A.B. asks: 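Have a look at the structure that comes next, please.
All residue numbers refer to positions in the sequence shown, counting from 1. Remember, it's a predicted structure, so these values are computed and weren't measured experimentally.
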Amino acid sequence: MFKMYSLFVYLLLLLLLLLLVLLLLLLLFNSTKCVGQSKTPHLIFIMVDDQGYGDVGYHGSDIHTPVLDQLAAEGVKLENYYVQPICSPSRSQLMTGRYQIHTGLQHSIIRPRQPLCLPPDVPTLPERLAEAGYATHMVGKWHLGFSRPDCLPTRRGFQSFLGTLTGSGDHFSYQSCDGAEACGFDLHDGNRPAWEMRGNYSTLLYIERRGINKIIHKEGPKPLFLYLSLQAAHTPLQAPDVFLHHYDTQSNRQRRHYAAMLSCLDEGIAELVKELKTSGLYQNSVLIYSSDNGGQPLSGGSNWPLRGGKGTYWEGGIRAVGFVHSPLLKRKGMVSRALIHVSDWYPTLLGLAGALQPHYKLDGHNVWASISEGLPCPRTEILLNIDPVSRKPGEPYDKALELNGFGIWDTAVRAALRVGDWKLLTGNVGDGDWIPPQALPVGPERWEKLEKRRNRLGKSVWLFNVSADPYERFDLAEVRPAVVKHLLARLAEYNHTAVMARNPPDDPMADPELHGGVWSPWLGLEGWGRNEKDKDGKKGKTPKVRHCKLCKLKALFKKVESRLERKTLF
């Protein structure tokens with residue numbers, strides 16, 4: 001009896017020992033898995049086009065965005081988040097982590113016929129992530145230049161690209177025009193024009209039909225960097241009928257179509273998150289959502305109660321809708337007031353990937369700890385821009401420099417700077433209207449002089465405490481001259497580090513008429529396309545380019561003719 005009892009105890013102890021070993025192995029496996037995940041999360045960056053600060057449900061909008069509202073509520077809302085006032089500058093700073101003054105892109109957007117793109121010697125975010133072992137894919141709008149093959153997304157770090165190269169175009173036909181003189185097809189699958197995809201609505205095409213879903217289910221064990229750069233809600237204002245019916249009671253046609261575009265976008269983001277969960281990537285993903293600039297009221301957007309809109313350095317042009325959603329966040333359901341700029345995503349994402357090196361020359365900061373844990377933010381100021389091309393020769397230099405600029409800074413130059421609570425603006429920073437939503441049903445005459453401060457002639461400096469006065473209603477430039485002088489000196493210091501602004505004239509040889517009716521590279525084409533292969537391993541078809549003197553002559557005559565036509569019209 002005693003022997004049987006001893007045997008039973010022995011077997012029980014052995015079983016407990018085996019269970020303990022299994023438990024330790026399981027814990028070790030999970031620990032290793034968690035460590036691996038924390039080093040290489042999947043990175044999903046969603047950039048939307050022209051969404052106003054007031055055009056998301058959680059900011060009190062009349063536009064229905066339940067998916068965005070929920071994702072933001074479960075993550076971290078960024079309520080002190082800045083971008084640039086127009087498309088190309090925001091995208092360039094996301095891709096490089098550098099201010100415009102350090103890439104030569106200080107002035108305006110990159111136009112379709114402009115021989116200009118991201119500097120080739122500046123490493124892009126997808127290039128750095130690819131070096132770190134990431135699969136890098138882009139879907140949507142590029143708008144960072146395509147004059148040469150080396151400017152294309154597939155030459156700047158993305159392994160695949162489905163989208164548009166120009167700044168805007170028809171959301172169904174993908175016809176894009178640069179003024180009235182040059183129009184062409186602009187939808188590309190890799191380096192070839194995707195003619196067969198015409199007729200699909202851009203948002204649905206990019207997310208559901210040929211874009212995101214295919215990428216997510218295709219990728220293997222590699223960590224994923226996915227850049228989803230949607231055209232919505234940029235003009236032309238177009239949306240599928242099913243989404244327009246959501247706003248049948250909206251009397252303003254622009255607002256109705258704009259709202260429908262954002263509702264379609266909202267459902268598309270729901271589809272993206274669903275696919276991340278189905279594929280098993282979601283638990284180890286970081287999803288970032290950002291608008292590229294403020295909304296355009298004339299095109300249905302609203303930045304109320306902020307001042308100004310797209311194209312201006314008032315808060316309505318540069319304070320953006322932004323949030324981070326991720327199971328990896330240490331604090332969820334929070335609102336972050338940390339000062340964050342679009343250039344910060346470059347080092348932040350590289351930091352999450354374990355690929356950020358101290359020798360990188362960046363203007364952005366790694367702000368993950370501030371977002372995820374609420375720790376103090378490393379950023380205390382933002383240079384919004386210095387645009388030397390903006391200065392008009394007729395403006396009196398002595399007044400702009402000596403009188404308004406205290407001999408420190410030429411205030412006729414368009415510039416904007418935020419330091420701590422203070423924001424300084426100089427030069428022509430754009431129309432400073434406050435445009436309430438009820439003014440939207442008709443044209444600008446409804447709000448003209450309604451809520452617009454008329455500045456005295458010659459005024460070229462503004463100062464605001466944007467923490468206490470986020471709506472920029474109280475200009476403190478005259479009562480706080482010491483602060484103005486300090487911030488003007490900071491502008492001058494930044495300007496000493498600036499490279500020359502690049503703003504070449506349009507090239508008539510870029511006309512799609514000379515390139516098979518397609519917007520595509522037109523410079524440095526020797527040998528391009530010979531070794532290019534599409535995703536199925538077949539050689540890609542590139543637009544046919546006519547290299548001939550007659551073509552150049554035709555392009556020149558067309559340019560002269562269009563100028564003559566404009567002169568007769570005005």
A.B. asks: What distance do Arg192 atom CZ and Phe161 atom CZ have between them, rounded to the nearest 0.5 Å?
C.D. replies: 12.5 Å
A.B. asks: Hey, does His188 have a side-chain heavy atom less than 4.5 Å from the side chain of Thr164?
C.D. replies: no
A.B. asks: Does the pair Leu272 and Ile216 meet the rule for a side chain to side chain contact (heavy atoms under 4.5 Å, CB included), with working shown?
C.D. replies: CA-CA 9 Å; Leu272 165 61; Ile216 288 174; 3.7 Å; yes
A.B. asks: Using only heavy-atom distances, determine whether the side chains of Asp186 and Thr166 contain a donor-acceptor pair under 3.5 Å.
C.D. replies: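 Yes - a donor-acceptor pair under 3.5 Å links their side chains.
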A.B. asks: Any ion pair linking Asp55 and Arg255 (charged N to carboxylate O, less than 4.0 Å)?
C.D. replies: yes
A.B. asks: Would Arg148 and Trp522 satisfy side chain to side chain contact (heavy atoms under 4.5 Å, CB included), going step by step from the backbone distance to the final call?
C.D. replies: CA-CA 6 Å; Arg148 297 179 179 275; Trp522 67 94; over 6 Å; no
A.B. asks: What residues form a ring-ring contact (aromatic ring centres under 6.0 Å, His included) with His234, not counting sequence neighbours?
C.D. replies: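 With sequence neighbours excluded, His234 shows a ring-ring contact (aromatic ring centres under 6.0 Å, His included) to no residue whatsoever.
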A.B. asks: Who passes side chain to side chain contact (heavy atoms under 4.5 Å, CB included) against Val499, sequence neighbours left out?
C.D. replies: none
A.B. asks: Drop me the distance from Leu417's CG to Ile386's CD1, to the nearest 0.5 angstrom.
C.D. replies: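 Reported to 0.5 Å precision, the distance equals 8.0 Å.
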A.B. asks: Say you draw a straight line from CD1 of Ile46 to OG of Ser291; how long is it, rounded to the nearest 0.5 Å?
C.D. replies: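 With rounding to 0.5 Å, CD1 (Ile46) is 12.5 Å from OG (Ser291).
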A.B. asks: Evaluate the side-chain proximity of Tyr134 to His42: yes if any heavy-atom separation is below 4.5 Å, no if none is.
C.D. replies: no
A.B. asks: So, does Trp345 use its side chain to make a donor-acceptor pair with the main chain of Thr348 at under 3.5 Å?
C.D. replies: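 Side chain of Trp345 to backbone of Thr348, a donor-acceptor pair under 3.5 Å: no, none is there.
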A.B. asks: For Cys87, does its backbone N or O pair with a side-chain atom of Ser90 as donor and acceptor, under 3.5 Å?
C.D. replies: no
A.B. asks: Please tell me if the side chains of Leu287 and Val324 come closer than 4.5 Å, counting only heavy atoms from C-beta onward.
C.D. replies: no
A.B. asks: Distance-only, no hydrogens or angles: does the Gln84 side chain make a donor-acceptor pair with backbone N or O of Leu384 under 3.5 Å?
C.D. replies: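 Indeed, once roles are kept as given, a pair shorter than 3.5 Å links the two residues.
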A.B. asks: Filter on disulfide bond (SG atoms under 2.5 Å apart), then keep only pairs touching residues 105-167, sequence neighbours left out; what's left?
C.D. replies: Cys117-Cys151
A.B. asks: Would the distance check show the side chain of Asn303 and the main-chain N or O of Gly295 forming a donor-acceptor pair, the cut-off being under 3.5 Å?
C.D. replies: yes
A.B. asks: Go through the side-chain N and O atoms of Thr411 and Thr426 and say whether any donor and acceptor fall under 3.5 Å apart.
C.D. replies: no
A.B. asks: Is Asp178 salt-bridged to Arg111, going by a charged N under 4.0 Å from an acidic O?
C.D. replies: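 Here Asp178 does not pair with Arg111 in a salt bridge, since their nearest N and O are not under 4.0 Å apart.
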A.B. asks: Does the Asp170 side chain pair with the main chain of Pro236, one donor and one acceptor, at a distance under 3.5 Å?
C.D. replies: no
A.B. asks: Which word best sums up how the rings of Tyr227 and Phe158 line up, parallel for under 30°, tilted for 30 to 60°, or perpendicular for over 60°?
C.D. replies: parallel
A.B. asks: Could you tell me which residues satisfy ring-ring contact (aromatic ring centres under 6.0 Å, His included) with Tyr174, sequence neighbours excluded, listed by chain and number?
C.D. replies: none
A.B. asks: Using 0.5 Å steps for rounding, measure from the CG atom of Leu118 to the CD1 atom of Ile110.
C.D. replies: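 Taking CG in Leu118 and CD1 in Ile110, the distance rounds to 6.0 Å.
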A.B. asks: Would the distance check show the side chain of Glu127 and the main-chain N or O of Thr124 forming a donor-acceptor pair, the cut-off being under 3.5 Å?
C.D. replies: yes
A.B. asks: Can a donor-acceptor pair be found, under 3.5 Å and without considering hydrogens, that links the side chain of Arg307 to the backbone of Gly432?
C.D. replies: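 Here the side-chain-to-backbone pair exists.
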A.B. asks: Mind checking what makes ring-ring contact (aromatic ring centres under 6.0 Å, His included) contact with Phe185, not counting sequence neighbours?
C.D. replies: Trp195
A.B. asks: Using every non-hydrogen atom in the two residues, find where Ser285 and Leu276 come nearest and quote the distance to one decimal.
C.D. replies: OG-CD2, 4.4 Å
A.B. asks: Give a yes or no on whether the backbone of Trp368 and the side-chain of Asn366 come within a donor-acceptor separation of less than 3.5 Å.
C.D. replies: yes
A.B. asks: What is the ring orientation for Tyr494 with Tyr99, classed by angle as parallel under 30°, tilted 30 to 60°, or perpendicular over 60°?
C.D. replies: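 Answer is perpendicular, since the angle exceeds 60°.
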A.B. asks: Using a 4.5 Å cut-off on heavy atoms from C-beta on, say whether the side chain of Pro504 contacts that of Leu116.
C.D. replies: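 Side-chain contact under 4.5 Å: yes.
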A.B. asks: Can you name the salt bridge (charged side-chain N to carboxylate O under 4.0 Å, His left out) partners of Arg91, sequence neighbours left out?
C.D. replies: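 Scan of Arg91 (salt bridge (charged side-chain N to carboxylate O under 4.0 Å, His left out), adjacent residues dropped) gives Asp49, Asp292.
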A.B. asks: For Arg379, which residues count as a salt bridge (charged side-chain N to carboxylate O under 4.0 Å, His left out) partner, sequence neighbours excluded?
C.D. replies: Asp344
A.B. asks: Going from CD on Gln231 to CG on Leu265, what distance comes out if it is rounded to the nearest 0.5 angstrom?
C.D. replies: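 If we round to the nearest 0.5 Å, Gln231:CD and Leu265:CG are 11.5 Å apart.
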A.B. asks: Can you give me the closest heavy-atom contact between Pro347 and Leu356, atom names plus distance?
C.D. replies: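 For Pro347 versus Leu356, the nearest heavy atoms are O-CD2, 3.6 Å.
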A.B. asks: How long is the span from the CG atom in Leu230 to the CD atom in Gln51, to the nearest 0.5 Å?
C.D. replies: 10.5 Å
A.B. asks: Is Arg128 close enough and on-axis enough to Tyr360, meaning under 6.0 Å and within 45°, for cation-pi?
C.D. replies: yes
A.B. asks: Where is the tightest heavy-atom contact between Pro123 and Tyr346, given as atom of each residue plus distance?
C.D. replies: O-OH, 3.1 Å
A.B. asks: If you take all heavy atoms of Ala400 and Asp410, which pair is closest and at what distance?
C.D. replies: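 Nearest pair, atom of Ala400 first, then Asp410: CB-OD1, 3.2 Å.
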A.B. asks: Main chain of Asp507, side chain of Arg113: is a donor-acceptor contact present, judged purely on distance under 3.5 Å?
C.D. replies: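 No, the answer is negative, given that no donor and acceptor are paired below the 3.5 Å cut-off.
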A.B. asks: Among all residues two or more places apart in sequence or in another chain, which pass the ring-ring contact (aromatic ring centres under 6.0 Å, His included) test with Phe172?
C.D. replies: Tyr201
A.B. asks: Is any side-chain heavy atom of Glu315 closer than 4.5 Å to one of Lys423?
C.D. replies: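 Of all side-chain heavy-atom pairs linking Glu315 with Lys423, at least one is under 4.5 Å.
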A.B. asks: For the side chain of Trp314 and the backbone of Gly430, is there at least one donor-acceptor N/O pair under 3.5 Å apart?
C.D. replies: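 Judged by distance alone, yes, a pair lies under 3.5 Å.
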A.B. asks: Measure across Ser168 and Ser176 and return the closest heavy-atom pair with its distance rounded to 0.1 Å.
C.D. replies: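 Distance-wise, the nearest heavy atoms are O-OG, 2.7 Å.
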A.B. asks: On a heavy-atom basis, which atom in Leu224 and which in Ile215 lie closest, and how many Å separate them?
C.D. replies: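 Scanning both residues, the minimum pair turns out to be CD1-CG2, 4.1 Å.
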A.B. asks: Does a donor on one side chain sit under 3.5 Å from an acceptor on the other, for Ser160 and His137?
C.D. replies: yes
A.B. asks: Give every residue pair that meets the salt bridge (charged side-chain N to carboxylate O under 4.0 Å, His left out) criterion with at least one member in residues 490-505, sequence neighbours excluded.
C.D. replies: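 Those involving residues 490-505 are Glu381-Arg490, Arg490-Glu493.
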A.B. asks: Please list, chain by chain and in numerical order, all residues satisfying salt bridge (charged side-chain N to carboxylate O under 4.0 Å, His left out) with Asp150, sequence neighbours excluded.
C.D. replies: Arg155
A.B. asks: Restricting to side chain to side chain contact (heavy atoms under 4.5 Å, CB included), what partner residues turn up for Thr235, sequence neighbours left out?
C.D. replies: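 Side chain to side chain contact (heavy atoms under 4.5 Å, CB included) check on Thr235 returns Leu237, Ser299.
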A.B. asks: Run the side chain to side chain contact (heavy atoms under 4.5 Å, CB included) test against Ser290 and tell me which residues pass, sequence neighbours left out.
C.D. replies: Phe45, Met47, Tyr81, Val83
A.B. asks: For a salt bridge (Lys or Arg N to Asp or Glu O under 4.0 Å) check, start with the C-alpha distance between Lys310 and Asp50, then their side-chain angles and the critical distance, and finish with the verdict.
C.D. replies: CA-CA 7 Å; Lys310 177 180 178 176; Asp50 288 6; 2.9 Å; yes
A.B. asks: Going by atom types alone, do His102 and Thr497 pair a side-chain donor with an acceptor below 3.5 Å?
C.D. replies: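 His102 vs Thr497: donor-acceptor pair found between side chains.
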A.B. asks: Do His171 and Ser202 have side-chain atoms, one donor and one acceptor, less than 3.5 Å apart?
C.D. replies: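 A pair is found: one side chain offers a donor N or O, the other an acceptor, under 3.5 Å apart.
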